[in-house]
Amino acid sequence: MKTICLYFEIHQIIHLRRYRFFDIGADHYYYDDFENERSITDIVQRSYMPALDTLLQMIKESNGYFKVALCLSGVGIESLEQYAPEVIEKIQELAKTGCVEFLAEPYSHGLSALGNEDSFKAEVKRQSKKIKEYFDYTPKILRNSSLIYSDDIGRMAADMKFKGMITEGAKHVLGWRSPHYLYHCALAPQLKLILRDVTLSDDISLRFNNSEWEGYPLFAENYINKIASQPDEEQIYGIFMNLTALGIEQPLHSNILEFFKALPECARQRGISFSTPTEVCDRAKSVDDFSVPYPLSWRDEERDISTWLGNSMQREAFNKLYSIADRVRIANDPRINQDWDYLQASDNFSAMSTKPVPVGVDRGIYSTPFDAFTNYMNILGDFMSRVNTLYPAEIENEELNSLLTAIHNQENELETKDKEIVILKAKVEKLASENDKLRAKLDTCENDEKPAKKKAVPPKKTAKKKA
């Protein structure tokens, strides 16, 4: 049976303010609060709330036939906490339906998977903890920032015990194969891979309101018929996009929400179901490995990482940022950690891109890629000096490595002790239960062994002898 695996990404850009060279060392605040509040308020009104209301309506009207997955970056959740808590409440309402799955991703929506493995794993754990805290769900499927994936990233996900990952069905990797099957990681076969159908996803997120597109206007019935017409053995259709596609990239007046509302009934009529990523990984079997020696993503025609690391400016900023990743983790200062999250966000690097792309790049306050690079490096220079103050750069690498090793060992010991505590608690509870049962059994046995009160037997009458 064909099934649609649909998910939406929620992330918020943290806008940096104009930071001059002379601000380095004098001012440690890097953000444009006015623009951050204005932009998220605008997105919430034009996209998030109408889209989430529609998804909730679709679940209720279809009696749970419609299912969807959501992925929220930790930075995005922080922005919603501060400026739009009503969005979190609406997502919590969606979570209670049981038809929504939440995915894991790096907390910062950054490039840590390419820069520092320990930072990447720590970020994913923090974001998963945040999802559990707000929506009472522990993610089982990982989605990296912008669907960036490689064999090494898949291995890291398997190390963290994730059941599967979501990534791009890039043509240069798939070759003649179809994205409509379940695959697995080449280095860790236990990790399942669900691939994004590029055409079906972009038909909605990029082309829906384009009157010059040959598929315009797109109706729900035609869209579902396109899926139904595929070969019967091709059963998994990954349709992934940002939630802002509903309201921002495709404005509400384009009837994008009406299109979505019609999808569940049209799919039901053609025998096509909706599944969450975990359901897909549980029900389907992998048909082949998906070997990706070099990172891919869902951005631009190349489907690679050149959007963020394609020129020398981006690579220099990236290398300088992750050169202090271990020191940031050792320092473990709350203010440093928050700035670290915001500076890692991939948006900072895409603003430096010099690529000619069909979809415009939002550079915000920057007039050119060089302007974005200069501003970011000024901020990064101040940030690095603060980190070095907490953890001096003069410390030798050998000493740093020994400290990191000690920290890793302590973390492993704590995890082992936590597991032992859980096991011991379970044993204590089991022994207590068995003890209660034995006491009850002994009480029963004692009651049974007590002699019953005997009735008094009258003395036997003896016949009197005759004289």
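FYI, side chains are in, hydrogens and waters are out, and symmetry mates aren't considered; it's all heavy atoms of this structure.
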task: Would you sort out whether Tyr31 and Asp339 count as a side chain to side chain donor-acceptor pair (under 3.5 Å), showing the intermediate values?
output: CA-CA 10 Å; Tyr31 314 107; Asp339 291 339; 2.5 Å; yes

query: After noting the C-alpha distance and the side-chain angles of Ser306 and Asp304, does the key distance pass the side chain to side chain donor-acceptor pair (under 3.5 Å) rule?
result: CA-CA 6 Å; Ser306 57; Asp304 59 13; 2.6 Å; yes

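- Taking 4.0 Å as the cut-off between side-chain N and carboxylate O, Asp341 and Lys130 do not count as a salt-bridged pair.
- Looking at Asn242, its side chain never comes within 3.5 Å of a backbone N or O of Ala245 through a donor-acceptor pair.
- Of the inter-residue distances, the one linking Arg155 atom CZ with Ile153 atom CD1 reads 10.0 Å to the nearest 0.5 angstrom.
- Side chain of Ser201 to main chain of Met241: no donor-acceptor pair is present (N/O by atom type, distance under 3.5 Å, no hydrogens or angles).
- Relative orientation of the Tyr7 and Trp298 rings is parallel, given thresholds of 30° and 60° on the angle between their planes.
- Ring centroids of Phe349 and Tyr376 are separated by less than 6.0 Å, placing the two rings close together.
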task: Could you go through the side chain to side chain donor-acceptor pair (under 3.5 Å) check for Ser273 and Thr3 one step at a time?
output: CA-CA 5 Å; Ser273 66; Thr3 191; 3.0 Å; yes

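- Tyr322 and Gln344 are linked by a side-chain donor-acceptor pair at a separation below 3.5 angstrom, with hydrogens and angles left out of the test.
- Within the 3.5 Å criterion, the main-chain N or O of Cys185 finds no donor-acceptor partner in the side chain of Asp289.
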Side-chain donor-acceptor contacts of residues 53-60 below 3.5 Å, not counting sequence neighbours, with atom names and distances?
from: Asp53; atom 1: OD1; to: Lys90; atom 2: NZ; distance (Å): 2.9
from: Thr54; atom 1: OG1; to: Pro50; atom 2: O; distance (Å): 2.9
from: Gln57; atom 1: NE2; to: Glu61; atom 2: OE2; distance (Å): 2.9

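- A salt bridge is absent between Lys121 and Asp118; no separation between the charged side-chain nitrogens and carboxylate oxygens falls under 4.0 Å.
- With rounding to the nearest 0.5 angstrom, the CG atom of Asn209 is 11.0 Å from the CG atom of Leu252.
- Remark: the backbone N or O of Tyr107 is paired with a side-chain donor or acceptor of Glu123 at under 3.5 angstrom.
- The side chain to side chain contact (heavy atoms under 4.5 Å, CB included) test applied to Arg270 returns Ile224, Asn225, Ala228, Ile272, not counting sequence neighbours.
- Sequence neighbours left out, the pairs with a member in residues 169-190 that pass side-chain hydrogen bond (donor to acceptor under 3.5 Å, both in side chains) are Arg177-Asp288, Ser178-His180, Ser178-Glu234, His180-Asp197, His180-Glu234, His184-Ser286.
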